[in-house]
Undergrad: 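Take this structure, written in structure tokens, and hold onto it; I'll ask about it next.
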Number of protein chains: 2
Amino acid sequence: MHAILASTSTLFGQDYLEYLLPVIPGLFKDLEEILFIPYARPGGITHEEYTSHAAKAFEKIGIKLRGIHEFDDHQLAAREAKGIFTGGGNTFLLVSELYQNKVMPVLREVVLEGTPYMGTSAGTNIAGLSMQTTNDMPIVYPASFKTLGLVPININPHYLDPDPDSKHKGETRETRIKEFHRLNSQPVVGLREGSWLELTDNKVTLKGTLNARIFEKDKVPFEVETGTDLSDLN
Amino acid sequence: MHAILASTSTLFGQDYLEYLLPVIPGLFKDLEEILFIPYARPGGITHEEYTSHAAKAFEKIGIKLRGIHEFDDHQLAAREAKGIFTGGGNTFLLVSELYQNKVMPVLREVVLEGTPYMGTSAGTNIAGLSMQTTNDMPIVYPASFKTLGLVPININPHYLDPDPDSKHKGETRETRIKEFHRLNSQPVVGLREGSWLELTDNKVTLKGTLNARIFEKDKVPFEVETGTDLSDLN
């Protein structure tokens with residue numbers, strides 16, 4: 001299994017995927033074309049708009065993107081793809097579409113069998129056991145919250161530390177994850193923007209410049225440094 | 001119909017329900033005891049802990065609270081209650097329990113028939129047409145996202161304005177609501193902390209000191225002042 005699971009597509013002040021461009025060619029080695037899954041449609045843009053936006057970034061490293069919506073058979077498109085990138089947006093919409101188009105089981109199968117996979121934000125969230133640590137609004141009711149389970153954990157993308165100066169009384173991210181753990185047992189990786197998980201064979205490594213925050217049921221959350229092997233987290 | 005739908009239970013630097021204590025007696029007129037629905041369990045506290053916490057605030061205005069979990073038949077408890085307060089916490093958990101205990105339809109029925117209702121945060125979110133503008137994590141899979149529909153709109157509690165200085169690239173609340181409107185058509189009221197909607201007969205009025213932000217499908221969001229009659233929003 002080979003994957004890059006990134007917290008975000010875009011860092012502040014940078015272009016789309018800019019900070020990931022140096023590592024993407026190592027994942028999609030020698031591939032001319034990969035499949036793009038635009039189901040999550042950030043801000044409600046169309047599949048076409050989203051695909052053309054993502055394609056512009058991949059052009060810079062000589063890889064062509066083709067949107068899954070361009071195929072009559074989405075399942076077959078996923079099965080035959082040489083590499084797959086799932087972009088961010090709304091996770092409920094992404095998961096809903098993955099089930100409706102029956103892509104979820106195929107996607108799981110091909111990535112476990114070796115098709116290189118990249119996700120950003122919602123595309124990363126679905127690599128965990130469930131989408132239940134998403135930050136997104138439930139704008140559509142998906143068939144299930146269960147996701148790919150490429151890693152035996154859950155991921156919280158765009159992890160945000162509590163603001164010590166805030167007077168806002170809405171729950172912090174940490175409180176929300178604590179609530180998740182009252183009903184669910186898998187560890188959660190809070191992945192800050194600029195961090196990603198690299199999956200190579202059966203190894204899971206934290207990459208990027210920042211620490212990540214690990215939440216385990218009934219334990220005090222802790223920080224891990226970039227480069228840490230997280231394979232045995234669960 | 002008589003209801004107070006508050007964005008939050010607690011303002012910064014204040015006690016639980018403190019800012020609402022002056023208006024609660026007007027809602028639960030001459031009632032000695034009301035029913036408390038603690039299903040949303042903030043931070044994962046127990047139903048008992050949550051009920052005793054809320055009861056302490058109501059004690060100050062001479063009203064006794066009884067938790068719905070103390071009754072064998074939750075449906076009957078809702079039907080026979082003289083007044084009902086649903087506390088905040090996780091909206092997915094609240095809605096899941098309301099369906100599982102078959103309380104959702106009864107709650108709708110009795111409030112429409114005149115049982116005074118108060119909600120804070122998640123308890124306010126469920127007064128709208130659906131829970132799909134919640135900020136909470138989907139820690140449990142509810143039977144449906146459909147909620148009470150006491151008002152023909154959706155509510156976003158703890159509405160938070162974008163931070164102009166933020167370098168975080170996660171979606172703003174406004175972007176999330178825009179995504180909601182790509183798939184759903186009802187107006188959304190962004191209710192800031194300290195604001196509430198007052199329902200009297202068929203009138204919906206914005207109360208508290210702050211403005212609220214109104215989001216309508218395909219329109220530019222706009223502000224409304226406290227005191228505004230929002231009955232005709234949809």
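Because only heavy atoms are used, hydrogens play no part in the values below, and waters and symmetry mates are left out as well, while side chains stay in. We name chains A, B, ... by the order of the sequence lines, and we start the count at 1 in each one.
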Undergrad: Please determine which of B:T209, B:D161, B:N211 meets the side chain to side chain donor-acceptor pair (under 3.5 Å) test together with B:R192.
TA: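 That would be B:D161; it is the only one of B:T209, B:D161, B:N211 passing the side chain to side chain donor-acceptor pair (under 3.5 Å) with B:R192.
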Undergrad: Looking at B:N154, B:D136, B:L11, which makes the most heavy-atom pairs under 4.5 Å with chain A?
TA: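 Maximum pair count with chain A is reached by B:D136.
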Undergrad: Answer yes or no: is there a donor N or O on one side and an acceptor on the other, between the side chain of A:E179 and the main chain of B:I139, under 3.5 Å?
TA: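 Not a single qualifying donor-acceptor pair exists.
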Undergrad: Are there residues of residues 84-97 of chain B that reach to under 4.5 Å of chain A by heavy atoms, and which ones?
TA: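 Result: B:G89, B:N90, B:F92, B:L93.
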Undergrad: Does the distance from a Lys or Arg side-chain N to an Asp or Glu carboxylate O, for B:K60 and B:E18, drop under 4.0 Å?
TA: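 Looking at B:K60 and B:E18, the cut-off is not met.
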Undergrad: What option among B:P138, B:S144, B:P142, B:G44 has the most heavy-atom pairs under 4.5 Å with chain A?
TA: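 Result: the option with the highest number of such pairs is B:P138.
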Undergrad: For the residue pair A:F180 and A:K217, establish whether any side-chain heavy-atom pair is separated by less than 4.5 Å.
TA: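 Sidechains of A:K217 and A:F180: no contact.
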Undergrad: Is it true that B:Y141 and A:Y141 have ring centroids separated by less than 6.0 Å?
TA: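 Ring centroids of B:Y141 and A:Y141 are less than 6.0 Å from each other.
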Undergrad: So, for A:H181 and A:F215, is the gap between ring centers shorter than 6.0 Å?
TA: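 No.
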Undergrad: Flag the one option from B:P42, B:G43, B:S130, B:S121 with the top tally of heavy-atom pairs under 4.5 Å to chain A.
TA: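 So the answer, after comparing B:P42, B:G43, B:S130, B:S121, is B:G43.
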Undergrad: Below 4.5 Å from any heavy atom of chain B, which atoms of A:N156 appear? Answer side chain, backbone, both or neither.
TA: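 Answer is side chain: those atoms of A:N156 sit under 4.5 Å from chain B.
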Undergrad: Report the option among B:T134, B:T175, B:I177 that has the most heavy-atom pairs separated by less than 4.5 Å from atoms of chain A.
TA: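 The residue among B:T134, B:T175, B:I177 with the greatest pair count is B:T134.
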Undergrad: Which one, A:K178, A:Q132, A:E171, leads in non-hydrogen pairs under 4.5 Å with chain B?
TA: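 If we count pairs closer than 4.5 Å to chain B, A:Q132 comes out on top.
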Undergrad: For A:K56 and A:D15: C-alpha separation, side-chain torsions, deciding distance, then whether salt bridge (Lys or Arg N to Asp or Glu O under 4.0 Å) applies.
TA: CA-CA 11 Å; A:K56 272 182 206 129; A:D15 284 338; over 6 Å; no
Undergrad: Where does the angle between the aromatic ring planes of B:H47 and B:H69 fall among parallel (under 30°), tilted (30 to 60°) and perpendicular (over 60°)?
TA: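 Rings of B:H47 and B:H69: tilted, 30 to 60°.
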Undergrad: Could you look at A:T8 and say if it's the side chain, the backbone, both or neither that has a heavy atom under 4.5 Å from chain B?
TA: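 Just the side chain, heavy atoms under 4.5 Å.
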Undergrad: Side chain from CB out, backbone as N, CA, C, O: work out which of these in B:N184 comes under 4.5 Å of a heavy atom of chain A, or both, or neither.
TA: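 Contact with chain A is through the side chain of B:N184 alone.
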Undergrad: Exactly one of A:T51, A:I68, A:I126, A:N101 should register a side chain to side chain contact (heavy atoms under 4.5 Å, CB included) with A:I37. Which one does?
TA: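 Single side chain to side chain contact (heavy atoms under 4.5 Å, CB included) partner of A:I37 among A:T51, A:I68, A:I126, A:N101: A:I68.
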Undergrad: In a check of side chain to side chain contact (heavy atoms under 4.5 Å, CB included) between B:Y117 and each of B:T124, B:L199, B:L27, B:L5, which one passes?
TA: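 Option passing the side chain to side chain contact (heavy atoms under 4.5 Å, CB included) with B:Y117: B:L5.
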Undergrad: Non-hydrogen atoms of chain B under 4.5 Å away: do they reach the side chain of A:S9, the backbone, both or neither?
TA: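 Neither part; nothing is under 4.5 Å.
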Undergrad: How about A:R173 and A:N135: does a side-chain donor come under 3.5 Å of a side-chain acceptor?
TA: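 Side chains of A:R173 and A:N135: pair found under 3.5 Å.
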Undergrad: Please classify the contact between A:P157 and chain B as side chain, backbone, both or neither, with a heavy-atom cut-off of under 4.5 Å.
TA: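 Looking at A:P157, nothing touches chain B.
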